Amino acid sequence: MKIATFNVNSVKARLPRVLHWFEEAAPDVAVLQEIKCVDEAFPREAFEDLGYHVEVHGQKTYNGVAFLSKHPVEEVQRGLPGFEDEQSRYIEALVVPDEAEPVRVGGLYMPNGNPAPGPKWDYKLSFIEALTQHMEDRLAAEEAFLVAGDYNIIPDPTGVYDPDRWREDALFRPEARAALRRMLNLGYTSAVHALMAENYYTFWDYQGGAWKKNNGLQIDHLLLTPEAADRLEAAGVDTDVRDPEVGPSEAKPSDHVPVWVELS
DNA sequence: ATGGTAGCGTGGCTA
């Protein structure tokens with residue numbers, strides 16, 4: 001079962017490219033971030049035509065997440081439990097395939113947190129606390145569960161093209177790195193980290209020719225409980241999706257690329 | 001040198 005995360009940076013502006021990726025990658029489950037539209041405006045039929053169930057936790061203008069599954073889904077949750085949030089940044093559901101074991105999947109769009117310090121940084125820290133608590137609670141259930149998404153955290157210096165320039169940034173500050181480390185120390189496994197030997201990025205800024213210079217960041221992750229990690233067979237990053245020369249020409253690429261795992 | 005990119009929505013915020 002293939003499970004993917006993709007920050008699309010507006011699902012409406014990106015639709016031809018997103019659909020093209022869905023047809024090629026054919027994920028069983030995909031979580032999308034920054035859809036930037038309300039539930040009613042989500043292009044539901046386009047994904048249903050490809051065979052997906054569609055669950056949306058949308059928001060006008062900013063943020064917004066979606067959950068797409070070829071298999072039946074149950075227990076859909078919007079937002080983190082116990083965390084009042086005007087911003088739509090988390091969606092979760094239990095995927096119940098006919099011919100595979102169930103897996104619970106969370107779709108995450110972590111606050112950026114810049115500038116730090118400041119109210120946006122404080123919001124990121126409080127969001128991290130709620131997410132970590134939720135991940136701890138889910139871990140205790142001892143079921144196959146993973147949180148896939150845009151964590152907006154660079155794990156270590158190999159995840160950024162110029163670490164020294166990013167020391168004070170909310171994506172790379174010690175507190176952010178410690179937060180991700182704390183999630184891993186609970187018992188979660190970062191799937192791509194575990195299976196890919198070489199360095200990789202998942203985001204390249206639109207500015208400054210970042211793609212051509214390979215000035216990237218590693219900020220999209222999939223964190224798996226032991227019960228999910230036991231089923232981990234493969235993981236990957238669809239880097240080509242960021243290339244303006246590759247794929248449909250009707251739309252520009254997102255600044256993020258899809259990241260995925262295969263579970264048995 | 002205080003720009004430079006993209007999306008939303010039509011001025012300025014967010015990333």
Side-chain angles (χ1 to χ4, degrees), chain A residues 5-21 31-43 46 56-66 85-90 107-128 131 148-155 159-163 165-173 175-177 179-180 201-221 239-259:
Chain A
T5 174
F6 188 5
N7 181 324
V8 296
N9 185 18
S10 172
V11 70
K12 286 187 282 184
R14 207 74 55 216
L15 194 58
R17 281 182 172 268
V18 173
L19 292 176
H20 182 253
W21 173 77
V31 288
L32 307 182
Q33 301 88 37
E34 288 203 82
I35 61 172
K36 295 189 174 179
C37 65
V38 295
D39 294 12
E40 301 73 37
F42 189 88
V56 183
H57 184 32
Q59 183 186 331
K60 181 180 160 70
T61 310
Y62 302 121
N63 312 313
V65 289
D85 197 350
E86 292 182 355
Q87 304 186 20
S88 299
R89 296 181 172 275
Y90 188 78
L108 167 71
Y109 179 45
M110 173 76 73
N112 177 292
N114 281 305
K120 291 185 179 180
W121 173 244
D122 293 340
Y123 171 56
K124 183 173 193 171
L125 292 178
S126 61
F127 190 98
I128 284 171
L131 175 63
D150 178 357
Y151 282 70
N152 268 321
I153 297 174
I154 301 161
V160 50
Y161 62 95
D162 186 353
R165 287 193 179 183
W166 286 79
R167 295 282 173 207
E168 301 301 318
D169 192 278
L171 279 61
F172 194 52
R173 288 171 69 95
E175 302 95 319
R177 282 183 273 165
L180 185 63
Y201 299 134
T202 67
F203 165 93
W204 294 258
D205 199 282
Y206 289 120
Q207 301 186 65
W211 167 251
K212 287 201 166 181
K213 299 179 198 166
N214 197 27
N215 287 347
L217 306 177
Q218 185 191 113
I219 51 177
D220 300 270
H221 310 290
T239 308
D240 283 356
V241 170
R242 183 61 181 84
D243 192 336
E245 307 300 320
V246 175
S249 56
E250 310 96 276
K252 296 172 181 175
S254 171
D255 41 5
H256 294 251
V257 295
V259 185

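In the text below, chain A, chain B and the rest are named by the order of the sequence lines, each starting its count at 1. Keep in mind that this is a model prediction, so the values were computed, not measured.
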Query raised in the report: NA contact type, A:F203, heavy-atom cut-off 4.0 Å: base, sugar-phosphate, or nothing?
Result: nothing
Query - Interatomic spacing from OH in A:Y109 to CG in A:D150 - rounded to 0.5 Å - result: 6.0 Å
Report summary line: Shortest non-hydrogen pair, A:P253 vs A:Y206, comes out as O-OH, 2.9 Å
Query raised in the report: Using atom P of each nucleotide, how far apart are B:dT2 and B:dG11 to the nearest Å?
Result: 25 Å
Query raised in the report: Mapping A:Q207 and A:V11 onto DNA chain B by nearest heavy atom, which one lands closer to the 5' end?
Result: A:Q207
Query raised in the report: 5' to 3' on DNA chain B, which nucleotides open and close the contacts with chain A (atom under 4.0 Å from a heavy atom)?
Result: B:dG4 to B:dA15
Query raised in the report: Start at the 5' end of DNA chain B and walk down; is the nucleotide closest to A:D150 or to A:A13 reached first?
Result: A:A13
Query - A:R89 backbone acceptor or donor facing A:N63 side chain under 3.5 Å - result: no
Query - Spacing of CG belonging to A:L217 relative to CG belonging to A:D162, to within rounding of 0.5 Å - result: 10.5 Å
Query raised in the report: Which part of the nucleic acid, if any, lies within reach of A:R89 when heavy atoms closer than 4.0 Å are counted: base, sugar-phosphate only, or nothing?
Result: sugar-phosphate
Requested in this report: Quick one: pull up NE2 in A:H57 and OH in A:Y90 and give me the separation to the nearest 0.5 Å.
Outcome: 11.0 Å
Query - Spacing of the C1' atoms in B:dA6 and B:dA1 (rounded, Å) - result: 23 Å
**Report entry** Rounded P spacing from B:dA15 to B:dG9 in Å
**Finding:** 15 Å
Report task. Kindly say whether A:N152 contributes a backbone atom to a donor-acceptor pair with the side chain of A:K124 at under 3.5 angstrom? Result -> yes
